[in-house]
> 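There's a structure below that I have some questions on.
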Amino acid sequence: VPVWLNRLRLKLGAAFSRQHDRELRRELALHLQLLEEEYIEQGLSPEEARARAHREFGNATQIQEASHDLFTFHFLDGCVRDVKYAGREMRRNLGFTVIAVASLAFGIGSVTATFAVIDAFMLRGLSVSEPEQLLAFTVSNSRAWRRWSYAHYQRWRDGSDGVLTAAASLTVERYNVSTDGKLPDDEGKVRVSLVSGSYFPVLRAPIAAGNALTPDDDRVPGSHPVAVISEGFWARRFGRVRDIVGRSVGINGVTYAIVGVTGAGFTGEWIGLPTDVWIPLAMHSAVLPDAPNLHEDLWGTGSRTLRVIARRRPDVTREQAEALANVIHKRFVADRAAALGEDAQDRQQYVDLIEATDGYSPERAYYFRPLMILSTIVGVVLIVACANFANLLLGRTHARAAECSVRLALGAARWRLVRQALTECALLAVLGGTFGLIAARWATTALLKELAVSVQSVEFNLPLDSRVAAVNGACVLFVLLIGIWPATKGARSAVALSVLQRAQAPESRRRARLGPAQALIAAQLALCTVLLIGATLFLRTVINLRSETLGFARNVLLVSVAPGQAGYSDRAAAMLIERARGQLESLPGIAAVSATSASLLNNTNYWIDNSERLSLESGQVTAGLQWTSAEVSPGYFKTIGMPLLLGREFEHGDLTPMTARVQPVVINRTLARFLFGEDDPIGRRIGTSARGANQLVVGVVSDGKQTSPRDRGLGVVYLPLGTEASRVVFAIRTAGDPAAAGPMVRHELRSIATDLPILGIQTIEQQFNIAISQERLLGTLSLMLGAIAVLIACVGLHALLSYDVAQRTREIGVRMAMGATGRSVVALVLRDSLLLVGVALAIGIPIGVSATRPLTPQLYGVQAGDPATVLVAVLLLATATAVAMLRPARAAARTDPIVLLRTE
Amino acid sequence: MGKAPQGELLQGTLPLLILRTLATGPNHGFAIAKRIQQISKSVLKIEQGSLYPALHRMELDGLIESYWGTTENNRKAKYYRLTRRGHRQLEAETERWKAIAGAIAAVLQDA
C-alpha cells in the first residue's frame with residue numbers, strides 16, 4: 001500500500017468518525033492509569049502517585065492536540081478558513097464586492113450568452129448517432145446542399161448497394177395544421193418535413209416515444225397517413241400528454257396518425273429552423289397539392305425540391321462513396337437523355353458528397369457576420385470588466401497595506417497572506433461567473449425573442465448545458481489569471497514595518513502619474529471609445545433606415561394567404577381571392593382592398609438576379625440594372641398610396657391571361673429612366689421574358705422600397721395579377737388603426753374559407769420593423785453592451801479618483817489654508833484624470849475607426865470613420881467620465897482646513 | 001508540523017527505538033515506554049507522553065499498524081505491530097546507525 005493511500009485512509013477515518021478522538025483519549029488515559037498504579041504499588045499515596053504520573057507523562061492535552069493534528073487535512077482546513085475569512089471581508093466591504101461581482105457578471109454573462117447562441121447556431125451539429133458518416137449531395141464546388149428530383153434520388157437509393165443509404169427530405173411551412181381535429185385560433189406556423197422512408201434509419205435520429213417512420217411507411221403514394229412529431233411540437237400543441245401515439249395531426253383534410261416523438265433535441269437536419277412534423281414522402285401530393293407530383297415526374301424534370309442525405313458504410317471513404325454516386329448519376333443522366341431525346345453532354349455535372357455532420361443551415365451565412373460582430377463586442381466588454389476587476393483589487397491592496405503589515409509583523413507567514421488574497425480573488429471570480437451564468441440564461445431568452453421576430457423566424461432551443469458551462473468556467477479562470485497579480489501584490493510587497501513608516505512620512509511619496517491603476521483605467525476607457533464608436537454607427541444605421549421614405553403608406557395592412565397550399569386550383573384560387581377581396585372591402589372601417597403577388601419589404605433582395613435581361617421593341621437587349629417584378633390588382637397603387645406619375649393603373653379589363661399577345665405593364669420611375677431616359681415611356685413596348693417585347697407600358701409609378709428598406713435604384717415591372725393565385729397578399733387600407741382591423745379580417749377570411757392558410761397579418765410598419773430587425777438587434781445590443789462597459793469603466797475611474805482625493809486630503813487642506821480656491825483644487829485633482837481620458841481617446845479613436853471599417857456591409861447611410869459619429873462617441877464618453885469625476889472633485893473642493901486640522 | 005520529541009533524546013532516535021521494541025512482538029504504548037527505558041538503561045530520558053505523537057506519525061507513514069487488544073491484566077489497550085515496511089525501515093536504520101556509530105568511534109580513537 002502506498003504511503004499516501006495509507007494516510008488518506010487513516011485521515012478520512014479520523015475526519016468522519018468521533019471514534020478516533022475517543023480512542024486517542026482512552027489510549028492516553030490508560031497509560032496514565034498504569035503509571036499511577038505502578039507508583040501506588042511502589043508505596044506512594046494515591047495523590048502523590050497521580051501527581052508523579054502526570055509529571056512523568058507530560059502535558060496530556062498538548063500531546064492529544066499534537067496527535068490529533070497529525071490526522072487532519074491541513075490544506076483543506078486552511079482553505080475552509082480562508083473562504084470563511086474572505087466571505088467575512090466581502091460582507092464587510094459590501095460596496096466593493098457588489099461592484100466587482102456585478103462587473104464580472106456582466107462581462108462573463110455577455111460572453112456566455114453569446115457563446116450559447118453561437119454554439120446552438122454555428123457550432124452544434126446534428127444530434128444523431130455517428131453524424132460523421134453522413135454526407136449531403138451537391139454539385140461540384142458548392143458548399144450549399146443542392147436540391148434533387150425524386151427520380152434522381154430513387155436511383156441513388158436503389159443503386160448504391162448498401163455502400164451508401166440515401167434519404168430525401170423537403171421542408172415546408174404550413175399554416176393550417178390541426179391537432180386532434182382542432183385548428184388553433186392563431187394559425188401557428190408549423191414546419192412540416194416530407195421525408196423518405198429511409199430518413200430516420202439513415203439519420204439514426206433519436207426517438208423518445210413510439211416509433212420512427214420506416215421504409216414501409218413510404219411505399220404507395222397517398223396511402224401512408226402517419227407522422228412523427230418533435231418534442232417541441234408535442235409540448236406546444238399536446239401539452240406533453242403521455243398517450244401521444246395514436247393522436248393525430250391534420251393537414252388539408254387528411255388525418256395523420258402520430259406514431260412517434262423524436263428526442264434528445266433532434267429537430268431535423270435543418271439547423272436553426274426546427275421541423276415540427278415528419279410525414280412520409282408518399283403523402284407529398286396531399287401535403288403540397290400546389291406542387292408538381294413528384295411520383296409521376298419520371299425523369300425529374302419538373303421538380304427538384306429534395307435535399308438528399310446519405311450514410312456511408314463505416315469502411316467506405318467519402319471519396320469512394322462519391323465515386324459511386326457519380327457512376328449512378330451519369331447513368332441516370334444518360335438514361336434521361338435517351339428517354340427525352342436531349343443532349344446528355346449538356347447536363348453533365350459532377351456530384352459532390354460533402355460532410356453533413358453540421359446539418360443544413362443556409363441561415364448560418366446570414367447570421368455569421370452579426371454574430372461575429374457581437375462576439376467581438378462581448379470580448380471587449382469582458383476585457384473591460386477584467387481590467388476593472390484588476391483595478392478594484394489593486395485599490396483594495398492599497399487599503400489593506402496596513403493590515404498586511406500588521407499581520408506580517410505579528411508573525412504571519414507571507415504565503416498565508418498570498419493564499420488569503422488568492423482565495424478572495426477566486427471567490428469573487430466564481431461569484432461573478434455564477435451570476436454571469438444566471439444573467440446569460442435571461443439574456444439568451446431575450447436575445448432569442450428578438451431573433452425570432454426577424455426575417456427568417458429562427459427558432460431553436462438553447463440549453464445552458466455543459467459546453468456553455470465550460471465556457472463560463474473558462475471565463476472565470478481567465479478572470480482569476482488576470483486577478484492573481486493585483487490581488488497578491490499587497491501581500492507580496494507589504495513590509496512588516498511599513499505601518500510605522502506611514503505614520504511618520506505620509507506624503508513624502510507622490511503617487512505615480514501613470515502607475516498600473518491609471519494604465520488599466522486608460523485601457524478601459526480606450527476600449528469603451530471603440531465600443532461607443534461601433535454602437536453609434538449601428539444606431540445611426542437604424543435611424544437612417546427608419547427615416548427612409550418608403551414610397552408608400554405605412555399604415556396599410558398586409559394579409560398573406562396561400563390558397564394553393566390548401567389544394568385550390570389556380571382558377572378556384574383566383575375566384576376565391578376576388579370574392580374575398582370584395583367581401584373584405586365591404587367590411588366596416590375598410591376603405592380599400594387590393595391584391596399583389598409579392599409582399600412588400602420582404603427582404604427578398606438576394607433573389608434579384610442582376611443578369612436577367614430586359615428587351616426593348618427595337619430588339620435591343622439591355623442589362624446592368626437590378627430589377628424585379630410583381631403582379632398587382634387594379635387599384636393597388638392607390639390603396640398603398642404609391643403616386644402614379646404617368647399613364648394609368650391597371651383596370652379590370654387588363655386581367656388578361658399570360659398568353660395574350662400584348663400584356664399591359666406599369667413600371668417604376670427608375671426603370672423608365674433606365675430604359676427610355678427622358679422620353680415618354682407610355683405606349684412603348686418592353687420584354688421581361690424570352691417571348692420578346694410583348695409588354696405595353698401603360699403607366700409609370702414613383703419609386704418605392706419594394707423588397708427591402710435598403711432598396712436603391714431597383715427597377716420594378718408591375719404586371720396585372722394573373723390567374724395563378726396560389727399565394728397572394730391583400731393590401732388593406734383602413735379608416736382607423738390598421739392593426740386593430742387584423743382580427744376582423746382573419747375572422748372574415750375564415751368565414752369565407754375555413755381551410756385557407758393565412759400566412760401572416762401585419763401592417764407595413766410592422767413588416768418594416770421585421771425587415772430591419774438585424775440592424776435593430778445590432779444597434780440595441782451594441783448600445784447596451786457599450787453602456788455597460790462605460791458604466792464599469794466609470795465606476796473604476798470614480799473609485800480611483802475618490803481614493804486619490806482621500807489620499808491627498810492633507811495636501812489639499814494645506815493648500816486651501818494657504819489660500820487656494822476651490823476651483824484651483826478641483827483643477828489640481830482632475831488634472832491627472834483628464835489626462836487619462838485624453839490618452840484613452842487618443843488611443844481609442846484610431847482603433848475605433850479602423851476596427852469599424854469591416855462593418856460597412858451592416859451599415860446604411862453612414863461610413864466607418866465618419867467624423868460626426870466619432871464626435872458623438874467622444875461626447876458620450878466625455879459626459880460619462882465627467883459624471884464619474886463630479887463627486888470626488890466636489891469632495892476635494894469642499895475640504896475644510898479647520899476640520900482637517902482638528903483631526904490631525 | 002508535529003512537535004519534536006521533548007527531552008534529551010537525540011532527534012530521530014525515538015522512532016528507531018520504537019521499531020526496535022516492536023521487532024520483538026506487538027505491544028501497547030505503556031509497555032513500549034517501559035521497554036525503551038529498560039533498553040536505554042534510562043540514559044535516554046523522555047516524557048512518556050511524547051511517545052504517542054511519534055507512534056501516530058509512524059502509523060500514518062505505514063511503518064506500524066494498530067489494533068485493540070487486551071493486556072495480561074485484562075484491560076483493553078491499543079496494540080501496535082510492525083508492518084512489512086516497518087521491518088525494512090528498522091533494518092535500514094540499524095545499518096545507518098551502526099555506520100555512524102562506527103565512524104564516531106573511529107574518530108574518537110584517532111584523537
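Labels below follow one simple rule: chain letters A, B, ... track the order of the sequence lines, proteins then strands, and each chain is numbered from 1. We use all heavy atoms of the structure for the numbers below, so side chains are in, but hydrogens, waters and symmetry mates are not.
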> Between NE2 of B/His56 and CG of A/Leu70, what distance do you get to the nearest 0.5 Å?
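Interatomic distance, B/His56 NE2 to A/Leu70 CG, rounded to 0.5 Å: 8.5 Å.
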> How many angstroms lie between CG in B/Asn73 and CD in A/Glu37, if you round to the nearest 0.5 Å?
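Output value for this atom pair is 7.5 Å.
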> Go through A/Gln64 and B/Tyr52 one step at a time and tell me if the side-chain contact (heavy atoms from CB on, under 4.5 Å) criterion holds.
CA-CA 8 Å; A/Gln64 192 175 334; B/Tyr52 287 95; over 6 Å; no
> Any Lys/Arg nitrogen of A/Arg7 or B/Glu59 sitting under 4.0 Å from an Asp/Glu carboxylate oxygen of the other?
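No, no charged N to carboxylate O under 4.0 Å.
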> So that I can tick it off, tell me whether A/Glu38 and B/Lys34 are bridged by a salt bridge, with the cut-off set at under 4.0 angstrom between side-chain N and carboxylate O.
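A salt bridge is present here (some side-chain N lies under 4.0 Å from a carboxylate O).
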> For the CG atom of B/Leu60 and the CH2 atom of A/Trp4, what is their distance to the nearest 0.5 Å?
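Here the rounded value is 14.5 Å.
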> How about CZ on A/Phe96, more than 12 heavy atoms from neighbouring residues, nucleotides or ligands closer than 6.0 Å, or not?
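Above 12, so yes.
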> CG of A/Leu10 to OG of B/Ser66: how many Å apart, nearest 0.5 Å?
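If we round to the nearest 0.5 Å, A/Leu10:CG and B/Ser66:OG are 7.5 Å apart.
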> Around atom CZ of B/Arg85, are there more than 12 heavy atoms from other residues, nucleotides or ligands closer than 6.0 Å?
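Yes, the 6.0 Å shell around CZ holds more than 12 heavy atoms from other groups.
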> Applying side-chain contact (heavy atoms from CB on, under 4.5 Å), run through B/Lys78 and A/Arg26 and close with a yes or a no.
CA-CA 9 Å; B/Lys78 200 172 187 183; A/Arg26 270 175 64 181; over 6 Å; no
> Heavy atoms only: give me the nearest A/Asn6-B/Asp61 pair and the separation to one decimal.
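The answer is ND2-C, 4.2 Å.
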> Could you state the interatomic distance from CG (A/Leu34) to NE2 (B/His28), rounded to the nearest 0.5 Å?
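If we round to the nearest 0.5 Å, A/Leu34:CG and B/His28:NE2 are 6.5 Å apart.
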> Show the nearest heavy-atom pair for residues A/Ile63 and B/Pro53, with the distance to one decimal.
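Closest approach of A/Ile63 to B/Pro53, heavy atoms only: CG2-CD, 3.7 Å.
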> Could you measure the distance from the CG atom of A/Leu30 to the CZ atom of B/Arg75? Nearest 0.5 Å is fine.
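These two atoms lie 6.5 Å from each other.
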> Less than 4.5 Å to any heavy atom of chain B: does that hold for the side chain of A/Leu24, its backbone, both, or neither?
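The answer is the side chain of A/Leu24.
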> Can you classify the ring geometry of B/Phe30 versus A/His31 as parallel (below 30°), tilted (30 to 60°) or perpendicular (above 60°)?
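The rings of B/Phe30 and A/His31 stand perpendicular, inter-plane angle above 60°.
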